[in-house]
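Worksheet: the structure to be examined is printed underneath.
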Amino acid sequence: MSNTMQYCTRCLTPSTRPRVVFNEESVCNACQWAEKKKLIDWPQKWNELEKLCDGFRRKDDFDVIIPCSGGKDGSYVAWKMKHDLGMHPLCVTVSPPLQTEIGRCNLDNFRNSGFDLIEIRPNLEIYRLLCKRMFVEQARSKFPFVIAISTVVAHVALKLAMFALSVEFLKVSVFSIGYQYSKILLKVIHINCSKDLIIFFHT
Ligand SMILES: [Zn+2]
């Protein structure tokens, strides 16, 4: 890594920003991606997304699981799914080890705006031990939380599928495809069983 400070020639993003990469013209990766997005056929992408949802729509139950902790990304996906695509989302989140007041407020506001939410609140005694161990061993005290939010949605989906399937659970297979809509990258996991659900991850 160079010790010389560098700025994007278009947006002035500095090289101290995490994960920033510059091309030979000193244009940052965000500006390069902004150019690529102009070439994408967004109406066609929207049609693809609608067709995908059509295959999973249910009238009597949830038909999509969305990870949402009250931030802008998950809230936006949940809102689009419910109001623009007519889906019935079940939102899922895991509480962080130290929740801030504003974080709590954001999540409550999200739920109060008309969404069903499963909030996993892990055993704090175990959470503390895991965070301390990761801090001592790897200097990553948030690692247990990162693992939890990365896996909770698949866990919930599999458990919901299990309720409907019981012994048929053995037939469940999981695969993923990439899907893009607007500024958000959505990764779709299709639980291939009689109780079909789709899961949208935003990154
Ligand atoms: Zn830039």
Side-chain angles (χ1 to χ4, degrees), residues 1-53 64-85 87 89 91-110 113 115 131 134-135 138-154 175-189 198-203:
M1 188 178 168
S2 168
N3 290 327
T4 312
M5 189 77 175
Q6 190 178 1
Y7 294 90
C8 174
T9 49
R10 292 195 191 165
C11 71
L12 298 180
T13 290
S15 51
T16 49
R17 186 183 187 280
R19 297 182 298 279
V20 71
V21 180
F22 296 94
N23 67 9
E24 52 289 342
E25 291 158 346
S26 290
V27 176
C28 77
N29 45 332
C31 286
Q32 292 173 51
W33 176 231
E35 287 302 315
K36 282 183 197 160
K37 282 198 294 187
K38 290 176 188 169
L39 305 173
I40 293 173
D41 185 343
W42 294 111
Q44 188 209 331
K45 287 282 179 194
W46 181 258
N47 286 337
E48 284 177 37
L49 185 56
E50 274 187 325
K51 278 198 191 106
L52 183 69
C53 289
V64 56
I65 298 180
I66 300 172
C68 183
S69 302
K72 64 185 187 324
D73 295 348
S75 303
Y76 179 76
V77 172
W79 184 269
K80 296 296 276 187
M81 276 287 151
K82 179 175 178 176
H83 295 285
D84 289 355
L85 285 154
M87 299 292 280
C91 299
V92 180
T93 190
V94 180
S95 302
L98 294 171
Q99 192 170 43
T100 62
E101 202 175 310
I102 189 73
R104 180 74 255 165
C105 184
N106 283 341
L107 189 59
D108 288 343
N109 283 340
F110 170 74
S113 68
F115 289 93
C131 292
M134 285 299 109
F135 176 70
Q138 301 185 17
R140 292 195 289 176
S141 59
K142 275 177 64 184
F143 196 54
F145 173 61
V146 172
I147 294 296
I149 57 173
S150 306
T151 55
V152 67
V153 176
F175 61 94
S176 63
I177 57 171
Y179 200 94
Q180 279 186 335
Y181 170 65
S182 187
K183 295 178 181 176
I184 298 171
L185 175 67
L186 304 168
K187 289 176 190 167
V188 182
I189 292 181
I198 43 175
I199 309 167
F200 286 85
F201 287 100
H202 52 86
T203 58

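All ligand and atom numbering here is 1-based and tracks the order in the structure. As a basis for the values below, the full set of heavy atoms in this structure was taken, side chains included, without hydrogen atoms, waters or symmetry mates.
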Rounded distance [0.5 Å steps], CE in Met87 versus CD1 in Ile65
11.0 Å

Taking Asp41's backbone N and O only, do any of them form a donor-acceptor pair with Trp46's side chain (distance below 3.5 Å, no angle check)?
no

Keeping to residues at least two apart or across chains, list the side chain to side chain donor-acceptor pair (under 3.5 Å) pairs with something in residues 92-106.
Ser69-Thr93, Ser95-Glu119, Gln99-Arg104, Arg104-Asp108, Arg104-Glu119

At a cut-off of 2.8 Å, list the protein N/O/S atoms near the Zn ion (ligand 1), residue plus atom name.
Cys8 SG, Cys11 SG, Cys28 SG, Cys31 SG

Of all heavy-atom pairs between Glu50 and Leu85, which one has the smallest distance, and what is that distance?
CG-CD2, 3.4 Å

For Leu98, does the CG atom have more than 12 heavy-atom neighbours from other residues, nucleotides or ligands under 6.0 Å away?
no

What I want to check is whether the side chains of Ser26 and Gln6 have a donor and an acceptor closer together than 3.5 Å.
yes

